[in-house]
Amino acid sequence: MFQRLVGIIFGAIVAFLLLLLFHNGRLISEERSGFLIAVAAGAVANMLWPLIWAGLIARRSRVNRQATVQAEVQRQVNTQRSTEPPIPPEE
């Protein structure tokens with residue numbers, strides 16, 4: 001729910017900024033085409049935001065999981081080294 005709300009707000013901000021740019025900046029001569037581009041960009045941003053959010057969360061989760069695995073491996077290596085008898089030197 002929160003992600004959808006953030007996506008809608010993000011899309012609205014993008015649409016608003018593009019409307020300001022195209023309407024006041026006169027980058028496109030016809031107002032209708034400028035508004036259509038702004039609305040289309042806002043809709044695309046609204047659709048893509050959940051994917052971006054999910055990618056960021058998955059990346060963070062993967063990094064945390066890898067750190068946990070590395071810590072466990074290091075703990076097991078330290079435990080194994082402390083329980084092994086020392087190797088006598090060769091003569």
Side-chain angles (χ1 to χ4, degrees):
M1 179 67 185
F2 178 74
Q3 295 165 352
R4 177 58 79 185
L5 182 61
V6 170
I8 291 170
I9 292 170
F10 181 73
I13 290 171
V14 168
F16 178 73
L17 291 176
L18 288 174
L19 282 172
L20 284 179
L21 179 69
F22 289 133
H23 185 64
N24 293 334
R26 298 288 181 204
L27 293 179
I28 295 178
S29 59
E30 297 178 18
E31 284 187 24
R32 289 183 184 171
S33 61
F35 289 148
L36 289 176
I37 291 172
V39 169
V44 168
N46 191 15
M47 288 186 297
L48 292 180
W49 178 252
L51 296 175
I52 294 169
W53 186 259
L56 293 173
I57 290 174
R59 181 175 179 230
R60 188 174 66 183
S61 174
R62 185 173 52 245
V63 167
N64 289 343
R65 192 173 334 122
Q66 186 65 25
T68 304
V69 168
Q70 287 296 333
E72 179 64 23
V73 167
Q74 189 63 38
R75 186 189 66 77
Q76 288 181 5
V77 167
N78 290 339
T79 303
Q80 185 180 14
R81 285 183 182 166
S82 66
T83 59
E84 287 180 355
I87 300 174
E90 295 182 19
E91 295 180 21

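Keep in mind it's a predicted model, so treat the numbers as computed, not measured.
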We want to know whether Q80 and Q76 form a side-chain donor-acceptor pair, criterion being a heavy-atom distance below 3.5 angstrom. no
Is T68 reaching over with its side chain to a backbone N or O of N64, donor-acceptor style, under 3.5 angstrom? yes
Can you measure from CG (N78) to OG1 (T83) and round to the nearest 0.5 angstrom? 10.5 Å
